[in-house]
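Structure record follows, encoded as structure tokens.
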Amino acid sequence: MFELFKEKASALMAEVYSFKNRKEALEFIKGFIKENTSSEDKKSVVWYDTWFLDGERKEDLLADLPQITFEFTPEIASQAKIGINEVDGAIAESGSLIEVSNHIQKRLVSSLPEIHIAILPKSRIFPDLKTALRSFNLTNTPYVTLISGPSRTADIERVLTIGVHGPERVIIVCVENL
Amino acid sequence: MLKEEIKKALEHPVISKALTNFYEAYVVAREKAYTGLDFEEIRNEIVRVKSYAAEHFDELIKKFTEQATKRGAKVFYTKDPKEVINYVLEVAKAHNVKTIVKSKSMATEEIHLNKHLQEAGIAVYETDLGEWIIQLAGQRPSHMVLPAIHLTRYEVSDIFTKKVDAVEPDIKKMVKFARKNLRDKFLKADLGITGANIAVAETGSIVIFTNEGNARLVLTLPKVHIAVVGIEKLVDKLEDIDPIVKALPRNATAQPITTYVSFITGKREHWDGTKKEVHIILFDNGRSEMAKDPVFKEALQCIRCASCLNVCPVFRLISGLVFGRVYTGGIGTILTVWTEGLKATKDIQNLCIQCGNCVKICPGKINIPDLILEIRRRLAEEEGLPLKVKAIYSVVNNRKLFHTALRMASKLQKPFKQGPFIRHLPLAFAELTQERSLPAIADKPFRDQVKKIKQPEGKEKVAFFAGCLIDFAYPEIGEALVKLLNRAGIRVIFPQEQTCCGAPALYNGVMDVAANNMLQNLKALEQENPDFILSACPTCTLVLKKKGLLALRNQKVSPELIAKAEKMAEKVIDASYFIHKLIKEGRITFSKPLEEEFTYHDPCHLKRSLNIWQEPRESLQKAGLKLKEMFESDICCGMGGSYSLKFPEISVKILERKLKNIQDTGANLVCTDCPGCIMQIRGGADKKGLAFKVKHSLEVLAERL
Ligand code: SF4
Ligand code: SF4
């Protein structure tokens with residue numbers, strides 16, 4: 001299932017990485033942040049975290065990477081280069097992520113910054129839309145989005161251009177053992 | 001007026017080139033996007049889901065309202081466009097709204113909402129890139145999904161520079177420019193307005209598709225959200241969205257999935273911790289009336305993918321700009337009947353050439369040409385026909401008069417005739433011969449010539465229905481058919497009382513004349529009780545076999561006559577099919593299988609209405625010819641019966657493309673099975689002095705016996 005998901009998501013220009021455990025995934029994310037932002041650039045990384053960093057000392061992370069902020073307004077998220085959140089599932093058939101956001105902050109990080117890093121538990125990849133829809137109780141969830149690759153437009157001369165209103169890069173960090 | 005708009009569009013330096021380039025890439029990419037999926041299965045599902053919804057609007061509106069209200073949204077249903085405007089204005093007032101961001105919503109365009117909001121002093125920003133460009137330029141969208149396809153990067157850069165700020169004509173830079181400028185508006189806006197692609201009754205959810213991500217920001221950033229949703233967007237169950245999620249992006253832009261598919265269910269929180277206000281306006285504007293119409297309810301199966309526009313040979317020349325309405329193209333014409341009234345479609349409904357190219361691609365399985373025909377019929381009924389048209393049909397309605405007129409025309413044409421063609425006509429008729437020569441009317445119609453052919457005595461006998469063009473312009477096609485049938489030992493009878501098949505009247509909505517033609521032919525053809533009735537013109541075949549029955553039913557002729565007509569219809573076969581069968585059975589063989597290259601043009605009605613396309617190719621190959629397929633062999637040649645008289649400027653443009661596609665094959669012979677297509681293609685080739693021959697397949701086959 002992961003292979004199919006990876007193939008489909010990559011075809012949509014998402015970048016898919018897979019890690020054995022949380023630690024490896026975190027190392028990758030840290031490295032990515034270092035490579036793409038500078039520690040001088042305050043608040044250039046907005047992170048909406050609910051479980052991924054459980055057990056980590058956020059203070060240490062912030063000391064290492066002061067450009068991260070866990071609290072932000074839409075204006076801040078709009079200025080940020082990278083937004084990080086956990087997504088709730090994925091669809092192999094179409095290469096889509098499923099983002100269930102009860103919390104608006106979760107949505108801000110995936111819609112406003114230039115790069116979206118989505119943390120995806122490998123066990124949450126569904127074969128198709130129908131199965132996925134069955135396992136999400138939409139009636140309890142005010143906002144769900146299927147995200148399939150970066151934001152795109154072809155409105156000028158039909159030339160495909162990436163990154164119009166949403167992120168221009170979508171990095172999917174798939175974690176196996178949680 | 002329409003004619004001027006057409007002229008402007010045809011002379012436009014970008015429109016048809018951009019639409020044609022897009023179309024060519026689209027056809028291939030769409031095919032690829034469907035690999036591994038069964039399009040027929042998906043569209044059957046869509047038809048099931050959408051037609052169920054249309055039959056249960058009242059129930060679904062109630063269910064949706066209950067479910068969405070329970071979850072904190074405010075739902076308002078109305079039939080009246082004015083009430084939508086007032087509702088939005090009131091919400092805006094209550095929240096002291098200064099700035100609105102919008103993501104694309106056709107329903108709001110139907111009621112010109114932006115205009116009303118701006119008049120109330122509110123700034124409204126369209127945020128879909130194409131829509132924003134169009135809004136800044138103060139223009140109309142040229143295409144439902146590609147609103148700015150008629151503009152070049154240079155024009156877009158001009159528009160931006162004039163209306164917003166200076167930017168180079170570099171696409172990447174202009175996209176960034178839009179991101180930056182609109183981001184500001186998103187963050188400041190007090191109200192977000194969206195449409196919806198689907199509304200799910202079971203959960204009270206609305207589903208919105210965007211590629212750019214603008215709808216997500218419209219939904220997320222302002223404190224108040226209003227969705228204006230046409231009730232045709234309703235489906236019953238959540239799982240009903242599956243076929244739409246699959247087909248919409250594939251058919252619209254050949255993408256496997258739209259980048260963002262957002263589900264909104266009830267009230268959600270605002271970023272400052274307060275609750276957001278969510279209003280959903282379920283908008284009717286004629287849709288529930290449409291659902292009650294036995295013919296037009298089919299159009300509620302539309303998912304607004306615009307693929308019917310992409311593949312329409314007329315639309316890709318003139319774009320949506322010519323239509324001057326919110327909804328454009330064939331489906332737009334149909335929707336306009338309900339949003340603006342039948343009369344509003346009076347001119348634009350003529351633009352459909354009835355080629356049927358849209359039918360095979362429509363994920364809602366809507367028969368657009370048939371519905372347009374119904375518009376024509378209703379218009380003719382309600383508005384009556386112009387006097388000139390009436391006079392013509394009163395002649396066609398009377399066989400003797402009609403045939404006498406044709407014989408007279410044969411004598412009158414003398415001064416203009418050059419060989420088999422009329423190349424120029426004087427004054428008022430000149431337009432007809434500007435880009436294509438017309439066939440001269442034969443000195444002796446087929447009905448006279450056939451009397452001299454000695455028929456075999458065999459048991460089998462078929463009746464030949466010639467149709468006007470073969471009878472009076474191309475009798476040699478009739479002779480070829482007789483020769484082929486005789487070779488197989490089949491006797492051909494030609495009932496002299498046969499007349500025009502009724503297609504010209506039928507395709508112009510004049511049902512009484514069409515029904516009358518049908519009855520005359522029925523009487524003539526059944527007299528000698530033939531085994532089969534053959535026609536070598538697919539339009540005649542289609543009328544005798546299917547469409548004419550509709551005309552009879554429409555005119556409420558007696559059930560006995562209809563039963564008789566149905567029995568006759570069963571015997572009607574297109575000659576191309578029948579001859580192929582005889583060849584396959586070895587009853588026709590070729591003693592002169594001359595090797596020659598040919599290319600084949602598929603007549604619209606033969607391929608898409610009668611599903612015959614392999615047969616004539618096989619017959620010709622059996623006769624020793626070598627097939628060189630042309631690009632777009634099944635795209636219309638631009639003839640369309642009287643269409644070429646109504647819109648010669650469009651007809652000729654379609655023809656030019658066909659001629660080029662033929663030339664590109666390098667073949668010196670193009671075969672087809674429709675005298676109308678022959679008239680069009682031969683006429684165009686003669687005018688342009690092109691060397692290839694245009695022949696009916698039957699002629700080519702008969703030459704090789
Ligand atoms: S009529 Fe069919 S093809 Fe045209 S927009 Fe509607 S669903 Fe698409
Ligand atoms: S039938 Fe042909 S001309 Fe008419 S709307 Fe469809 S594609 Fe266009």
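Here is how names work: the chains are called A, B, and so on, in the same order as the sequence lines, proteins then strands, and each is numbered from 1. As the structure is a prediction and not an experimental result, all values here were calculated from the model.
- If you measure heavy-atom distances from A:Thr161 to chain B, the contacts under 4.5 Å come from the side chain alone.
- For chain A, the nearby parts of B:Leu129 are the backbone and the side chain; heavy atoms of each come within less than 4.5 Å.
- Taking the side chain as every heavy atom from C-beta outward, A:Ile91 and B:Ile257 never approach each other to under 4.5 Å.
- B:Glu155 does not touch chain A: none of its heavy atoms, backbone or side chain, sits under 4.5 Å away.
- A donor atom on one side chain and an acceptor atom on the other are found under 3.5 Å apart for A:Ser110 and B:Arg216.
- Contact annotation for B:Thr258: only backbone heavy atoms (N, CA, C, O) come within less than 4.5 Å of a heavy atom of chain A.
- Only the side chain of B:Leu217 comes within contact range of chain A, judged by heavy atoms closer than 4.5 Å.
- Within the 4.5 angstrom heavy-atom criterion, no atom of B:Val200 approaches chain A.
- Interface residue B:Ser205: only side-chain heavy atoms are found under 4.5 Å from chain A.
- With a threshold of 4.5 angstrom between heavy atoms, B:Ile241 approaches chain A through side-chain atoms but not through N, CA, C or O.
- Neither the backbone nor the side chain of B:Lys276 comes within contact range of chain A; no heavy atom of the residue lies under 4.5 Å from a heavy atom of that chain.
- Residues B:Leu187 and A:Ser78 meet the side-chain proximity criterion, which asks for heavy atoms closer than 4.5 Å.
- Although no hydrogens or angles enter the test, the distance criterion places no donor-acceptor pair under 3.5 Å between the side chain of A:His165 and the main chain of B:Asp128.
- For A:Leu12, the part lying near chain B is the side chain, with the backbone staying farther off; criterion is any non-hydrogen pair under 4.5 Å.
- Using a 4.5 Å cut-off between heavy atoms, B:Ala148 touches chain A through backbone and side chain atoms alike.
- Contact of the B:Phe186 side chain with the A:Leu112 side chain is not registered, since no non-hydrogen atoms from C-beta on lie closer than 4.5 Å.
- Interface residue B:Tyr260: backbone and side-chain heavy atoms are both found under 4.5 Å from chain A.
- B:Glu212 contributes no side-chain N or O that, together with a main-chain N or O of A:Ser151, makes up a donor-acceptor pair within less than 3.5 Å.
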Anything under 3.5 Å between a donor and an acceptor, one on a side chain of residues 50-58 of chain A, the other on a protein residue two or more places apart or in another chain? List them.
| from | atom 1 | to | atom 2 | distance (Å) |
| --- | --- | --- | --- | --- |
| A:Thr50 | OG1 | A:Glu86 | OE1 | 2.4 |
| A:Trp51 | NE1 | A:Glu86 | OE1 | 3.4 |
| A:Arg57 | NE | A:Asp60 | OD2 | 3.1 |

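- Using a 4.5 Å heavy-atom cutoff, the side chains of B:Ser262 and A:Thr145 are in contact.
- For B:Arg153, the parts lying under 4.5 angstrom from a heavy atom of chain A are both the backbone and the side chain.
- Of residues 170-182 of chain B, those residues with a non-hydrogen atom less than 4.5 Å from any non-hydrogen atom of chain A are, in numerical order, B:Ile171, B:Lys172, B:Met174, B:Val175, B:Lys176, B:Ala178, B:Arg179, B:Leu182.
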